[in-house]
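Have a look at the structure below, then the notes.
Numbers here are sequence positions counted from 1. Whatever order the structure lists ligands and atoms in, that order sets their numbers, starting from 1.
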Amino acid sequence: MNQASDQARPTPRAGIMDIEAYVPGKSTAPAGVAKVHKLSSNENPLGPSPKAIEAARDVAAKLDIYPDGTARRLREAIAEVHGLNPANIICSNGSDEILGLLAQTYLAPGDEAVITEHGFMVYKIYIQSAGAVPVSVKETNERADVDAILAAVTPRTRIIFLANPNNPTGTYLPFQEVRRLHAGLPRNVLLLLDAAYAEYVRRNDYEAGVELVAGADNVVMTRTFSKLGLGGARVGWMYAPMHIIDAINRVRGPFNVNATAIEAGIAAIRDRAHVERSVAHNETWLSWVSEELTKLGLRVTPSVGNFVLVHFPEDKKHSAEAADDYLSARGYILRRVSGYGFPNALRMSIGTEEANRGVVAALTTFLKS
Ligand SMILES: Cc1ncc(COP(=O)(O)O)c(C=O)c1O
C-alpha cells in the first residue's frame, strides 16, 4: 500500500469524509438459525407481483439491449394508474436516486436544507454530499412539526425534506398540515414530499401530494416501488413541475433505470390485485402487531406505514440491544435505529403471519426473562 501523504493522492471535496455512510438493515442471522425472517428493510412480505417476476424473466434474453433512457412506458403506466401526466414524471434507480439528484441540482455549498429530528437518514447524506448544511428541527411526539420547520427557514434554505409518512417513526402529517407548511414557505424553497409509504396509508386526512405538486412551482413528490415488492429491482419516481423535470433530466444518468426495473415496474404497477392484497395484509397485521406489542407493555409509535417503531424498557436486561440479540438468535431480524435518535427502540417491518406471530411470541418470553 502506498503511504503517500494526503497531498499526493486524490482527495474528496471538503465535507465528504464527514459523511457517515448509510448502514442498511441487517439481512443475516447468527450461524445455525434455521429460518431467517428479514424484518429490517420494510419490504413486502407477499414478495414481488408474480407478473413482475415473469416480466423480469422475459427481459433476461434481451440484456444486451440498452433500456429506453426516458423509461417512457414505465412513466405512462405510472401516469395511467395515478391519473397523472407522464411528462411530469421522472423514473429513477429507487427513489433514493431522485433524492440525491434533487440535492445535487438545487443545493450549492453553504446552502441549507431542513430535515426533521427523526427523519429518513439518507437526506442528510445527500445534503452533505452537495456541500450544503443539514438543519435538523425538533419533532413533536415523534411527528414532524410544521411550526418548527417554518421557524428554521432562513434566506439560505433551499429544500425541505419531508417524509410523509416518516421512516422510522411511521407517523404522518395530515394534508392540512402539509398545506400549511407549503403556504408558509418562500416560493424559492423546494418542498420535497417523500411519499415512499403512501400506498399503505389508510387515513382520510392523508394525501401523498399530487394536488399540491400540480398547483405549485416549488413542490415535488417522490415515490417508490420498493415497499410493494420491488426493493431489489430499484424503481422510484418523482412527480414534479416541468421546470424541475427539465433540470433533473440534465443531470441524471442517461440510462438510470435498467431494463429489468422498467419491465418489472410496468408489470407490478398494473397488477392492482397484488397491490391490494399487500395493502390489505398490512392493514390487518399492522393493527395486530401494534396491539400485541402494546399488550406486552412496550410503547409502539402509532404507525400508518408497513412497519412499527417499538420502544423497549429502560432496564439493561430488556433493552433494544438485548431484544435485538434475542430476536436475531431466533431468526427475526429487526432494525436498530440508534442513528435515528432512538437508541432504545427497534423498527419492525410488518411481515408474514408466521413472522409477526413469531416476533410477538419471542418478545413475550424475552420480557419475562
Ligand atoms: C422515507 C423513505 N424514502 C425513501 C426510501 C428509499 O427507497 P428506495 O430507494 O428503495 O426507493 C425509503 C426506503 O427505506 C424510505 O424509507
Side-chain angles (χ1 to χ4, degrees), residues 21-27 38-45 48 52 71 74 78 89-103 113-127 129 139 142-144 159-173 178 191-201 206 208-209 220-239 252-253 256-258 260-262 264-265 268-269 278 282 301 303-309 333-337 339-342 347-350:
Y22 184 81
V23 183
K26 280 188 298 185
S27 53
K38 185 177 175 223
L39 303 170
S40 56
S41 300
N42 303 341
E43 291 146 342
N44 187 351
L74 176 57
I78 294 168
I89 295 172
I90 281 188
C91 295
S92 55
N93 184 44
S95 57
D96 275 347
E97 187 194 16
I98 282 282
L99 302 174
L101 289 170
L102 287 164
V114 175
I115 53 179
T116 65
E117 187 182 0
H118 305 296
F120 183 44
M121 225 143 55
V122 161
Y123 306 149
K124 189 175 171 197
I125 294 177
Y126 289 138
I127 295 165
S129 304
E139 297 185 0
E142 293 158 7
R143 199 185 85 165
I159 307 183
I160 312 291
F161 285 85
L162 182 72
N164 198 29
N166 184 47
N167 165 21
T169 53
T171 57
Y172 76 106
L173 277 189
V178 178
L191 175 59
L192 190 165
L193 299 175
D194 175 349
Y197 298 93
E199 281 81 358
Y200 286 111
V201 186
Y206 174 80
V220 301
M221 171 188 74
T222 59
R223 301 285 286 260
T224 182
F225 285 52
S226 297
K227 311 303 167 186
L228 281 156
L230 288 191
R234 314 301 300 131
V235 190
W237 56 282
M238 171 176 73
Y239 178 55
R252 73 173 173 86
N256 63 328
V257 189
N258 70 67
T260 311
I262 290 176
I269 198 160
S278 308
N282 191 64
T301 306
S303 170
V304 295
N306 65 342
F307 56 89
V308 283
L309 183 66
I333 311 300
L334 276 62
R335 182 78 147 93
R336 296 292 310 270
V337 281
Y340 282 97
F342 294 112
R347 190 193 68 197
M348 172 189 170
S349 307
I350 299 305

Quiz prompt | Per-ligand residue contacts, ligand 1, heavy-atom threshold under 4.0 Å | solution = G94, S95, D96, F120, A163, N167, D194, A196, Y197, T224, S226, K227, R234
Quiz prompt | Reference residue L99; test side-chain contact (heavy atoms from CB on, under 4.5 Å); the match among I125, T222, I127 | solution = T222
Quiz item: Is the distance between the ring centroids of Y197 and Y172 less than 6.0 Å?
Solution: no
Quiz item: Is E97 salt-bridged to R234, cutoff N-O under 4.0 Å?
Solution: no
Practice problem: List the steps, then state whether side-chain contact (heavy atoms from CB on, under 4.5 Å) holds for V235 with L74. | Solution: CA-CA 10 Å; V235 190; L74 176 57; 3.8 Å; yes
Exercise. Assess whether side-chain contact (heavy atoms from CB on, under 4.5 Å) is satisfied between H118 and L309, documenting all intermediate values.
Key: CA-CA 12 Å; H118 305 296; L309 183 66; over 6 Å; no
Quiz prompt | N42: which of R335, M348, R347 passes side-chain contact (heavy atoms from CB on, under 4.5 Å) | solution = R347
